Amino acid sequence: MSRYNPKEAEPKWQARWNAAGSFNADAAAKDAQKYYVLEMFPYPSGRIHIGHVRNYAMGDVIARYKKACGFSVLHPMGWDAFGMPAENAAMQTGSHPRDWTYANIDTMRGQLKQMGLAIDWSREFATSDPEYYHHQQRMFLEFWKKGFAYRKESSVNWDPVDNTVLANEQVIDGKGWRSGAPVERRKLSQWFFNITGEAEDLLAALDDGRLKGWPDNVRLMQRNWIGKSKGLAMKFCFASGTSAPKEFEDGVEIFTTRPDTLYGASFLAIAPDHPLALHYAETDPALKDFIAECQKTGTSEEAIEKADKKGYKLPPEMAHPFDDRKLPLYVANFVLMQYGTGAIFGCPSGDQRDLDFARKYGLSVPPVVLPPEADPASFTIEDEAYTGPGTLFNSGFLDGLPTDEAITAAIAKVEEMGMGQGQTQYRLRDWGVSRQRYWGCPIPAIHCDKCGIVPVPEKDLPVRLPDVAPEEFTVPGNPLDRAEDWKNVDCPTCGGKARRETDTFDTFVDSSWYFARFAAPHPDKPVEKDAADYWMPVNQYIGGVEHAILHLLYARYFSRMMKACGYLSVDEPFENLFTQGMVVHETYLDPDDTKPLKDRWLLPDEVVLKDNVLVQETTGKPVIVGPIEKMSKSKKNVVSPEDIAEKYGADAARWFMLSDSPPERDVEWTDSGVEGAWKLINRIWDAVASGNNLLKENDLSKPSEANDEDKTLRQATHGAIDGVTGDIDHFRFNKAIARIYEFLNALKKAPKASNWARAEALSALTRLIAPFTPHLAEECWETLGGDGLACEAPWPKADPAFLAKDELVIGVQVNGKRRAEITVGANDDKETVENAALSDEGVQRHIDGKTIRKVVVVPGRIVNIVAN
RNA sequence: GAAACGAUAGCCAAGCGGUAAGGCGCUCGACUUAAACUCGAUAUACGGUGGUUCGAAUCCACCUCGUUUUUCCA
């Protein structure tokens, strides 16, 4: 028998698809229903890794399957090409970010094409193309005009040695990654998008059916992220006898979600950057030091949450609104200026952070919420706050009310007293889009001393990145700040001297609308409305769960802004979302521990199995097998798709990536796995090779059954069609593949089937494997004598007549333990099944001498007899 | 610290309230001069503790471990 030769077959079919324009979306029938499938576009990091193969193979299965089902399919590809790694590479290797990025794109495009993906390459673009970012700048000017974009101050990580802004990932243990200097928080004036203005609709769409095609866990994560809470905003007045600063004599406004616990208040706390704290710091050096100390905590949520609770007591005391207690006022490091009003009241019995704080500073801990069934006389709080619901006590007019009623009553009382009002609050903050970096889309704004900040006139767009020397990137800071020729311009309003904005956009902006741009390849406007209306929304979006919150939320918001400006007609860009798992691999470590750890990781290629022990190929020494981890360059546990394709072909790599694990879970790359895929490809090829020209010689539209084996084979064929179709529809690729294995076994067990039944089976098999192993399918299709290309062939249809079973075997339990099996008809009623079970010998033995209490009959499943 | 997800044999997994599938590997056997391929056979498993139920891998609670995200990586 001839072996299948992917090295010849794969390039051959890729060239034919290309020549036929098989995946060109323009050529698709416009009267057909459209289907837009999109995988999250890649960052051009250098080379395609096997995780990309898995991601794009999934989208490719969907694209090819939908095409076979008669849809007009759009499946494009582009590059998320701006970002920090290009600048890091420039620092290390001296290559310009632009050269590095576009060279990477060229490499990766070639690698992707080698995988045989059904992609419309005519629509390809990179976000770093001026043609793309030109339109991003145009839209920004409109958003600015409409008030979606505005400027305000916010904190960044500042490296005081390198004098540069650091990303969170560049801060390691609170220190700058290059300088090692402790990082400080610094305030900068930056651009923001008003995403909180859409918070209500972004939240509503999660539940009103607009996102019913999204996984529940992603919707839940977004809901938590938006974090809507209803509460009370109220003023605490300064206590009588306390001197308050003049501009603050109104009091301190706090926000709380638990106004029911107001009687449990034992202190007030404000954020370190609260105006009142800053006011006192002007005359109090110790407070100034304390605030500076707080600024040393990083800007990440985790850093703030994990930091020790610390406070600094301010001179004034605050008056409790309901009784005559006086409460101390602190500046506290765990209160955030961005959330609520930047001030809280502390109720130690009802909040763990407040309790930790109260214990540290010796403040009282009055319990006010009594848990269900607790004794009010003995209930006290020790080291754990009680945050659950209960009944109010020690709480004046709230005594005896359950938590929810007490919240309403407390808000009503405060409103009646004129001291505050009920308020809705979000955890979501506005989206800061300014980045102090070179390799991003320039923000089209000009700073003029006279006119303030003015937009770049549309006729002057795009604002292109200036060409700076590669050496510029070895110096800390933003090269745009030093590009004097580029930076210094005349003010478009008054003509006087002015400066360009030197910040660029967050790369999340670039990835918030690329899917709409794909609808029409290269119009001289952000999107072609007719094309966008035809293709949007994306019917199936596929990507990693790591994008569940930020990218997906930003893209949803951006679509709303674009709709408001008339670019799009949809507000939700992604109808269905699938989040796939990662590809992981064992790690290998050189046992020589005199070398630094980072130099001891070994590539899988350097490790061989010898006498059942994994050894380093060059030295023969055993290696330490480390944990199975996400593939990463630093741990070297990577495999190159090119090598795999070279050895086994792209089809084997695609097949293995989809066969082993459910797509939403992580999959471990193993050599035996891809070898298994290679074996399977050859088994299919063997099965088909004997069917030379069967399709030319048999008319499949005229069913024919010559012998008994035909019926069995036809049941297997139609069962496989039905199963694989359902599995692809539900993203169960691993199960679809398991069914193809079963089908292949069934085919082998029917050597006497007639040519007609074999033709039907092989034709179905070829079309079922086509989305997974498209090159092999073409080769099979050609051998069988099928019409045209396999990728243009229609999807097979299952005949329901072959799917029903007439009898089945079910288990019989006695007291929950399985004791026998009986064969029953598929349509037998409960009584018949019950009688059959009770009369079974094995069952009789176990119920002998006992009284039958109950018989549970689950049709088609099981019978359980309860007896004692 | 918080949120989300996960844990079934040596490994990967199906099952998602009703008989613990399948694949890889191991071992043995058949085929072969031998090996590879192929075919056949055997063994081993529901992370822990409680609860709900006639019946729990499946539902609930708590715990342990792992992964991802945490507003400037993409």
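From a predicted model like this one, the values you see are computed outputs, not experimental measurements. Below, all heavy atoms of this structure are taken into account, side chains as well, without hydrogens, waters or symmetry copies. Residue numbers start from 1 in every chain, and the chains themselves are labelled A, B, ... in the order their sequence lines are given, proteins ahead of strands.
Across the protein-nucleic acid pair, A:H730 atom NE2 and B:A14 atom P stand 16 Å apart, rounded to whole Å. Atom CD1 in A:I549 sits about 15 Å away from atom C1' in B:C73, given to the nearest Å. Between the CH2 atom of A:W655 and the P atom of B:C24 there is a distance of 13 Å, rounded to whole Å. Following rounding to the nearest Å, A:N864 (CG) and B:C54 (P) show an atom-to-atom distance of 10 Å. Counting to the nearest Å, the C1' atom of B:U69 and the CG atom of A:L220 are 13 Å from each other. Here B:C12 presents its P atom at 11 Å from CZ of A:F656, a figure rounded to the nearest Å. Separating the CD1 atom of A:I684 from the P atom of B:U38 is a distance of 14 Å, rounded to the nearest angstrom. One can place CZ of A:R732 at 23 Å from P of B:C12, the figure rounded to the nearest angstrom.
A salt bridge does not link A:D308 to A:K310: none of the charged nitrogens lies less than 4.0 Å from a carboxylate oxygen. Between A:R219 and A:D216 a salt bridge is recorded (basic side-chain N to carboxylate O distance below 4.0 Å). Looking at A:E834 and A:K830, no side-chain N of the basic residue comes within less than 4.0 Å of a carboxylate O on the acidic one, giving no salt bridge.
Counting non-hydrogen atoms under 4.0 angstrom, A:D430 reaches nothing in the nucleic acid. Residue contacts for A:G544: at a heavy-atom cut-off of 4.0 Å it reaches no nucleic acid atom on any strand shown. Using a 4.0 Å heavy-atom cutoff across all strands shown, A:W225 reaches at least one base atom of the nucleic acid. Residue contacts shown for A:R437 include a base, since a base heavy atom lies under 4.0 Å away. If you check every strand for non-hydrogen atoms under 4.0 Å, A:Q338 touches nothing. Among the heavy atoms of the strands, none lies under 4.0 Å from A:V812. Using a 4.0 Å heavy-atom cutoff across all strands shown, A:H547 reaches at least one base atom of the nucleic acid. Residue A:R223 is classed as having no contact, given no heavy-atom separation below 4.0 Å to the nucleic acid. Among the protein residues, A:Y741 comes within range of no part of the nucleic acid, since none of its heavy atoms lies under 4.0 Å from any strand. In this structure, A:S659 reaches neither bases nor backbone, as no heavy-atom distance under 4.0 Å exists between it and the strands shown. Heavy atoms of A:Q190 sit under 4.0 angstrom from at least one base atom.
With C1' as the reference atom, B:U38 and B:U32 are 11 Å apart, rounded to whole Å. On the P atoms, B:A7 is 12 Å away from B:G15, given to the nearest whole Å. For the P atoms, the distance from B:C24 to B:C60 is 35 Å, rounded to whole Å. Using C1' as the reference atom, B:A21 and B:A34 are 37 Å apart when rounded to the nearest Å.
Position along RNA chain B of the nearest nucleotide to A:V858 versus A:V156 favours A:V858 as the more 5'-ward residue. Across the interface with RNA chain B, nearest-nucleotide mapping of A:R435 and A:M221 shows A:M221 to be the residue nearer the 5′ end.
Among the candidates A:W513, A:Y514, A:W79, the single residue satisfying the ring-ring contact (aromatic ring centres under 6.0 Å, His included) test with A:Y132 is A:W513. Of the residues listed (A:R151, A:Q436, A:E153), the one engaging A:Q190 in a side chain to side chain donor-acceptor pair (under 3.5 Å) is A:Q436, and it is the only one.
Base pairing of B:U68: its partner is B:A3, meeting the Watson-Crick or G-U wobble criterion (both donor-acceptor distances under 3.5 Å). With a cut-off of 3.5 Å on both pairing distances, the Watson-Crick or G-U wobble partner of B:C39 is B:G29. When both pairing distances are held under 3.5 Å, B:G17 makes no Watson-Crick or G-U pair with any nucleotide shown. B:C59 is paired with B:G51 under the criterion used here, namely a Watson-Crick or G-U wobble arrangement in which both key atom distances are under 3.5 Å. Summarising the base pairing, B:C46 is matched to no nucleotide, lacking a Watson-Crick or G-U wobble pair whose two defining distances lie under 3.5 Å. Under the Watson-Crick or G-U wobble criterion, with both distances below 3.5 Å, B:G10 is paired with B:C24.
Residue A:Q813 has its side chain nearest to B:G18 when only B:G18, B:C5, B:A74 are considered. Considering only side-chain atoms of A:A167, the nucleotide from B:U69, B:C73, B:C37 that sits closest is B:C73. For A:E546, the side-chain atoms get nearest to B:U68 when compared with the rest of B:G18, B:U68, B:A4. Of all nucleotides listed (B:C5, B:U71, B:C37), B:U71 comes nearest to the side chain of A:L550.
Geometrically, A:K309 does not engage A:F357 in a cation-pi contact, judged by NZ or CZ lying under 6.0 Å from the ring centre and within 45° of the ring axis.
The phosphate of B:A2 (OP1 or OP2) has no side-chain N or O of A:N224 nearer than 4.0 angstrom. Residue A:N168 places at least one side-chain N or O closer than 4.0 Å to OP1 or OP2 of B:U71. Between A:K735 and B:G15, a side-chain N or O to OP1/OP2 separation shorter than 4.0 Å is present. Regarding contacts with the backbone of B:U71, every side-chain N or O of A:R429 stays at 4.0 angstrom or more from both OP1 and OP2.
No hydrogens or angles were tested; on distance alone, a donor-acceptor pair under 3.5 Å links the side chain of A:Q436 to the base of B:C72.
Checking A:D430 against A:T196 by side-chain atom types alone, a donor-acceptor pair falls below 3.5 Å. Defined by atom type and a distance below 3.5 Å, a donor-acceptor pair is present between the side-chain atoms of A:W191 and A:E501.
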